[in-house]
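Reviewing the structure listed below.
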Amino acid sequence: MTILTIATTPFAGQRPGTSGLRKKVTEFQQPGYLENFVEAIFLTLDALGEVQGRTLVLGGDGRYFNRAAIQTILRMAAAHGVGRVLVGRGGILSTPAVSCVIRKRAALGGIVLSASHNPGGPDGDFGIKYNIDNGGPAPEKITEAIYAHTQTLTSYRISDADPVDLDQTGSIRLEDMEVEVIDSVSDYAELMAGLFDFDAIRALFQRGFTMRFDGMHAVSGPYAKAIIEGMLGAPAGTVVNAEPLEDFGGHHPDPNPVNAAELIALMDGPNAPDFGAASDGDGDRNMIVGRKLAVSPSDSLAIIAANATVAPGYRGGIKGIARSMPTSQAADRVAAALGVSCFETPTGWKYFGNLLDAGLATLCGEESYGTGSMHIREKDGVWAVLFWLNLIAATGKSVNELVQDHWARFGRNYYSRHDYEAVDAAAANAMMDALRGKLAGLAGQTFGGFRVELADDFTYTDPVDQSVSTRQGVRIIMTDGSRIVLRLSGTGTEGATVRLYLERYEADPARHGLDTQDALAPLIAIAEQVSALKQRAGREEPSVVT
Ligand code: G16
């Protein structure tokens with residue numbers, strides 16, 4: 001076996017986005033493309049003096065190119081003096097499982113291969129990101145250092161060793177490095193068993209409680225099967241589409257009412273089980289569904305926070321809640337009632353890391369179907385589903401009852417996100433620039449029944465390290481707390497995706513049964529009036545409404 005130094009030249013556009021580098025598979029398949037990015041990760045870690053002899057975790061969501069990428073990364077890790085790599089069997093590790101294993105095994109960090117909810121297959125997307133020793137996504141200073149290296153490197157180092165057998169657990173040597181193929185599920189399942197009341201959930205299933213978990217042919221399937229069917233005794237067949245496929249069965253593994261239409265149809269129909277749930281490509285997102293009711297992710301965070309103490313892992317109460325700026329303010333009301341802090345961060349789970357590490361927040365959530373807690377440093381789809389099962393088991397209430405009760409107590413934050421996907425990037429940027437130009441004049445203006453209290457481009461100052469992140473989304477906040485937020489997605493791979501977020505608070509229980517889009521119609525009209533989004537994007541309607 002020989003360590004080779006291969007000459008290379010930089011590729012443009014290797015700056016990590018909201019969650020790592022996400023590109024078309026075909027872009028990753030260019031000779032040297034993946035290798036350059038991985039070399040940049042190792043150069044960044046080398047500069048911190050961190051790599052030699054240390055342990056890394058490696059795994060992905062099983063999408064097309066996962067296995068090939070793992071073999072390349074292993075050979076590069078060996079060439080850079082890594083001591084040991086823990087890799088999930090078959091190359092499979094969900095994003096939350098990577099975070100769990102990094103923390104449990106005190107690893108230096110981990111490399112996650114996933115483009116999350118983006119479609120897979122030879123014509124789909126692929127992605128790679130680096131997580132640090134707390135188990136969470138690398139903060140901006142590290143992702144920017146990685147990017148800087150991608151723009152200057154001239155060679156990469158790689159071993160010419162044969163591919164490693166990823167399908168058997170156990171240890172293998174690759175050059176001087178140990179490759180330990182680990183069971184993909186067991187560390188994670190053990191963590192879950194310590195957080196939730198598995199006995200109560202088991203008893204719930206024994207009483208005939210019915211559920212469907214849709215794995216969307218993505219990475220959560222094996223975790224949900226092992227835990228929900230295996231450990232909690234739900235009947236076989238509760239978890240469907242459980243086998244991870246390289247192309248997710250041709251579907252878009254994004255657990256929202258549009259992409260999980262089959263689950264929604266079941267939950268709306270006469271044969272609906274008591275509880276429905278789905279998770280995404282890499283297992284960090286979740287959708288919670290009751291009969292004829294898809295729970296909004298913002299409400300799910302608020303409900304989990306309001307009821308946190310039902311779960312053994314949170315018996316002592318929560319220290320704080322953190323939500324991304326576009327996420328609804330439902331959680332803020334719970335935080336106020338509990339007398340704990342509520343933090344508002346930019347979009348991107350990485351922004352929660354410091355708050356969790358400092359013990360300032362216990363629960364975190366985002367409108368993009370992400371919920372999680374201090375147990376790891378990623379959002380966690382199966383965790384959220386287990387929390388809801390624990391809540392249902394502890395209260396004996398249905399999903400619908402729990403949601404209605406919550407609105408009755410705290411009021412309802414009507415909430416929706418309109419996505420305009422694959423918009424011409426120049427047109428999208430021009431729209432945002434024009435909007436920013438108008439912000440100063442908006443405060444004090446009245447639109448129908450709404451008066452603008454504040455209009456700005458969100459800036460976040462991290463309360464722990466004082467780092468500042470600017471231009472994190474335009475927000476137009478009304479005097480009654482209603483909000484319009486516009487930003488460009490940092491995870492798309494085609495043109496630009498414009499996201500329009502809408503929120504309106506309703507205290508009166510008699511008005512909690514409105515159709516969400518109807519309730520938000522006045523704000524949708526104001527958003528168009530102010531941004532001319534449809535006209536600038538050249539679209540009649542959003543591509544996706546959730
Ligand atoms: C990623 C990030 C999330 C973010 C989401 C959407 O999720 O981890 O923090 O909310 O993207 O980001 P954007 O609005 O920029 O597209 P995932 O599940 O794709 O890793």
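Remember, predicted model here, so these are calculated numbers, not experimental data. Just follow the structure's listing: the first ligand is 1, and inside any ligand the first atom is 1.
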### N/O donor-acceptor pair under 3.5 Å between Y223 side chain and S184 backbone
yes
### Task
Please state whether K379 comes within less than 4.0 angstrom of ligand 1, counting heavy atoms only.
yes
### Query
For ligand 1, does S489 get within less than 4.0 Å through its side chain, its backbone, both, or neither, judged by non-hydrogen atoms?
both
### Task
Start with the C-alpha gap between D187 and R105, add the side-chain angles, then the distance that decides, and say whether salt bridge (charged side-chain N to carboxylate O under 4.0 Å, His left out) holds.
CA-CA 10 Å; D187 282 351; R105 313 280 190 108; 3.2 Å; yes
### Query
What residue and heavy atom of the protein are closest to atom 11 (O) of ligand 1, and at what distance?
T491 CG2, 3.3 Å
### Donor + acceptor pair across side chains of T546, R417 (<3.5 Å)
no
### Query
Relative to the heavy atoms of S116, which atoms of ligand 1 are at a distance of less than 4.0 Å?
17 (P), 18 (O), 19 (O), 20 (O)
## Note on the structure
Numbered in order shown, the ligand 1 atoms found under 4.0 Å of a heavy atom of G490 are 13 (P), 15 (O), 16 (O)
### Task
Consider ligand 1: state whether an atom of it lies below 4.0 angstrom from any non-hydrogen atom of R487.
yes
### Proximal ligand 1 atoms for R499, defined as those under 4.0 Å from one of its heavy atoms
13 (P), 14 (O), 16 (O)
### Query
Is there a side-chain contact between Y33 and E27 (heavy atoms, below 4.5 Å)?
yes
### Message
If you define the side chain from C-beta out and look only at heavy atoms, does anything of L166 sit under 4.5 Å from L74?
### Response
yes
### Task
Could you pull out, from E367, R285, E366, the option with a heavy atom nearest to atom 5 (C) of ligand 1?
R285
### Message
For R417, state whether at least one heavy atom is located under 4.0 Å from any atom of ligand 1.
### Response
no
### Query
Heavy atom of G348 under 4.0 Å from ligand 1?
yes
#### Entry: Pairing residues for W388 by the side-chain hydrogen bond (donor to acceptor under 3.5 Å, both in side chains) criterion, not counting sequence neighbours
S300
### Query
To the nearest 0.1 Å, how far is atom 10 (O) of ligand 1 from its closest protein heavy atom, and which atom is that?
S368 OG, 2.7 Å
### Query
Numbering the atoms of ligand 1 from 1, which are under 4.0 Å from a heavy atom of H117?
19 (O)
### Message
Can a side-chain donor-acceptor contact be found between Y501 and R487 if the only test is distance below 3.5 angstrom?
### Response
yes
### Message
Taking 4.0 Å as the limit for heavy-atom contacts, which would you say applies to N118 with ligand 1: side chain only, backbone only, both, or neither?
### Response
neither
### Query
Between N131 and E378, is any side-chain donor less than 3.5 angstrom from a side-chain acceptor?
yes
### Task
Search all heavy atoms of R436 against all heavy atoms of R471 and return the closest pair with its distance.
NH1-NH2, 3.1 Å
### Query
Considering only protein heavy atoms, which is closest to atom 20 (O) of ligand 1, and at what distance to one decimal place?
R22 NH2, 2.8 Å
